[in-house]
Amino acid sequence: MSQRVKVKQILLDDKTNYEVTVKGWVRSFRNNQFIALNDGSTNNNLQVVIAQDSLDAALVKRITSGASISVTGEIIPSLGKGQKVELKAQSLEVLGDCDPEKYPLQLKNRPSLEYLREIAHLRFRTNTFGAIFRVRHTLAFAVHKFFNDRGFVYLHTPIITASDAEGAGEMFRVTTLDMKKPPLDESGNIDYKQDFFARSTNLTVSGQLEGELGAMAFGDIYTFGPTFRAENSNTARHLAEFWMIEPEMAFYELKDNMDLAEAFIKYVIGYALEHNREDLEFLAQRLEEEEKQKPQAERSELKLIDKLEFVLNNEFERLTYTEAIDILKNSKPNKNKKFNYLIEEWGADLQSEHERYLVEKHFKKPVILTDYPAAIKSFYMKQNDDGKTVRAMDILFPGIGEIVGGSQREENYDKLVARMQELHLPTEEMYWYLDTRRFGTAPHAGFGLGFERLVLFVTGMTNIRDVIAFPRTPGSADF
RNA sequence: UCCUCCUUAGCUCAGUUGGUUAGAGCAUCUGACUGUUAAUCAGAGGGUCGUUGGUUCAAGUCCAACAGGGGGAGCCA
């Protein structure tokens with residue numbers, strides 16, 4: 001047997017007249033003669049040609065859609081028109097049969113995304129999900145490359161945490177106590193002192209606070225890990241388990257933070273365009289087909305690749321919350337009372353419809369909003385001198401909404417403690433966090449980026465359940 | 001959690017005003033085919049119409065509850 005070569009390599013090399021072994025899964029078998037073979041290295045298939053009567057009829061019967069096979073033969077210039085080269089089979093072995101009567105994935109049926117979600121364990125075998133998850137991989141790799149190239153330290157913040165003060169959302173409890181008969185303390189409450197960690201613990205909702213500890217020593221750190229929110233959110237943009245990227249930088253102010261976030265997003269999108277062009281072109285095609293079903297008014301103005309290049313080549317629009325409120329107040333939908341939530345005064349939280357108006361109608365490009373009212377933002381954000389706003393920044397993307405949320409952090413111990421007390425946060429429990437401000441505090445900033453939302457934007461998919469391998473949502477944790 | 005729409009063959013969908021034996025394409029099975037490209041051609045099998053209850057002489061069709069899913073909203077990343 002000759003050396004195994006991946007399909008991607010064979011198609012890329014474009015050489016002929018050499019012997020190879022190829023292993024993969026049958027996508028289709030036509031005319032008892034032509035196998036479209038896919039091995040996951042690329043969305044493109046290798047055409048394997050079987051000479052009539054060269055194989056036993058019983059073996060030919062086993063070449064079914066989904067079966068895994070190993071083929072050895074010669075790569076030759078293709079006699080057909082659909083491809084440059086093809087593999088002329090000399091020997092073929094079926095490694096794993098696939099019973100067509102029972103196989104739930106019949107590609108020629110053009111199964112819907114909703115149906116494929118029900119068979120998520122098999123959906124990687126489709127062109128669409130093959131492309132999505134190769135792009136997801138490339139983006140993840142680019143995340144590490146971007147930060148590594150800039151000297152950031154990849155810090156692994158804990159998955160299990162006792163801290164519940166982030167206020168980022170509802171948490172999943174982690175416990176080994178007997179749920180039927182939990183131990184009780186003197187006042188009749190569950191006695192977590194007897195639990196595994198001798199205290200109440202949860203799955204992390206953010207690595208930011210621990211990230212800040214790292215930034216106060218390494219200067220620049222980032223985290224990239226799973227995050228859990230027990231919110232009962234049923235939308236195409238939320239998951240109970242998702243991956244978040246959270247850089248934290250010492251000696252950064254809000255503007256440095258914005259510059260980094262914008263450069264970061266542009267870098268990873270550019271990296272995917274450069275290294276995953278074919279998959280993105282396939283996804284662009286898919287999106288175009290999908291949009292043909294929609295009425296004209298709902299179709300996107302730019303095709304997927306153009307949209308990504310537009311983001312790369314244009315500055316994100318930067319403005320303050322106060323400026324945004326002025327624009328919204330004077331906007332047509334506000335004056336004509338088309339908004340469900342009308343903008344009347346400063347201080348209101350922006351709803352999705354307002355964010356979408358700013359991004360999709362007014363500026364028609366990514367927008368960075370800064371300096372939000374303190375009342376609608378977290379305790380750790382640096383307070384501005386005006387006494388009412390904080391140095392927060394949100395990056396809003398078309399079709400996605402908030403993709404990044406970040407801020408300069410409050411580095412002043414007294415101001416931070418005062419704010420925590422105002423919000424009734426447990427300052428004693430959070431001693432480790434406050435220690436950063438007590439011992440060698442420094443200006444610092446950071447942001448969080450929801451990885452799946454980035455993948456959504458880059459792949460042009462519209463449901464977040466389609467860009468994570470095994471989505472966890474309320475009422476659903478299959479596979 | 002709220003609003004809204006959907007649920008008919010393995011998949012994607014038709015199904016008229018409530019009225020005889022619920023249809024199509026693809027998939028599957030059988031056969032044909034030595035250059036196919038979503039292969040093609042001929043034939044066959046395949047249904048508790050999401051579940052439960054109700055209205056009616058009669059329910060895939062009307063009503064209610066529940067379950068699952070889509071879209072939107074809130075919460076957020």
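Bear in mind the structure is a predicted one, so any value in this text is a computation, not a measurement. Each chain gets a letter, A, B and so on, in the order its sequence line appears, and its residues count up from 1. FYI, side chains are in, hydrogens and waters are out, and symmetry mates aren't considered; it's all heavy atoms of this structure.
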Between [N] atom [atom2] and [X] atom [atom1], what is the distance in whole Å?
X: A/Arg27; N: B/rA38; atom1: CZ; atom2: P; answer: 14 Å
X: A/Gln106; N: B/rG10; atom1: CD; atom2: P; answer: 13 Å
X: A/Leu122; N: B/rG10; atom1: CG; atom2: P; answer: 17 Å

Of the nucleotides [options], which one has an atom closest to the side chain of [X]?
X: A/Asn109; options: B/rG35, B/rC26, B/rG70; value: B/rC26
X: A/Arg30; options: B/rU36, B/rG69, B/rG35; value: B/rU36
X: A/Ser352; options: B/rA73, B/rG35, B/rC29; value: B/rA73
X: A/Tyr341; options: B/rG70, B/rC75, B/rG74; value: B/rG74

Closer than 4.0 angstrom, basic N to acidic O: yes or no for A/Lys329 and A/Glu345?
no
Below 4.0 angstrom, N of the basic side chain to O of the carboxylate: do A/Lys377 and A/Asp394 qualify?
yes
Any chance the side chains of A/Ser78 and A/Glu86 put a donor and an acceptor closer than 3.5 Å?
yes
Short side-chain N/O contact to B/rG70 OP1/OP2 from A/Arg465, under 4.0 Å:
yes
Let me know, please, whether A/Ser28 or A/Ile403 comes out on the 5' side of the other along RNA chain B by nearest nucleotide.
A/Ser28
Between A/Gly448 and A/Gln351, just flag the one whose closest nucleotide in RNA chain B comes earlier from the 5' side.
A/Gln351
Between B/rU21 and B/rU34, how many Å separate the two P atoms, rounded to a whole number?
46 Å
Taking the six-membered ring of A/Tyr271 as reference, does the NZ or CZ atom of A/Lys266 fall below 6.0 Å from its centre and within a 45° cone about the axis?
no
Go through the N and O atoms of the side chain of A/Glu114 and the base of B/rU7, and report whether any donor-acceptor pair is under 3.5 Å.
no
Just checking A/Asn32: base, sugar-phosphate only, or nothing, at a heavy-atom cut-off of under 4.0 Å?
base
Using a heavy-atom cut-off of under 4.0 Å over every strand shown, decide if A/Glu118 touches base, sugar-phosphate, or nothing.
nothing
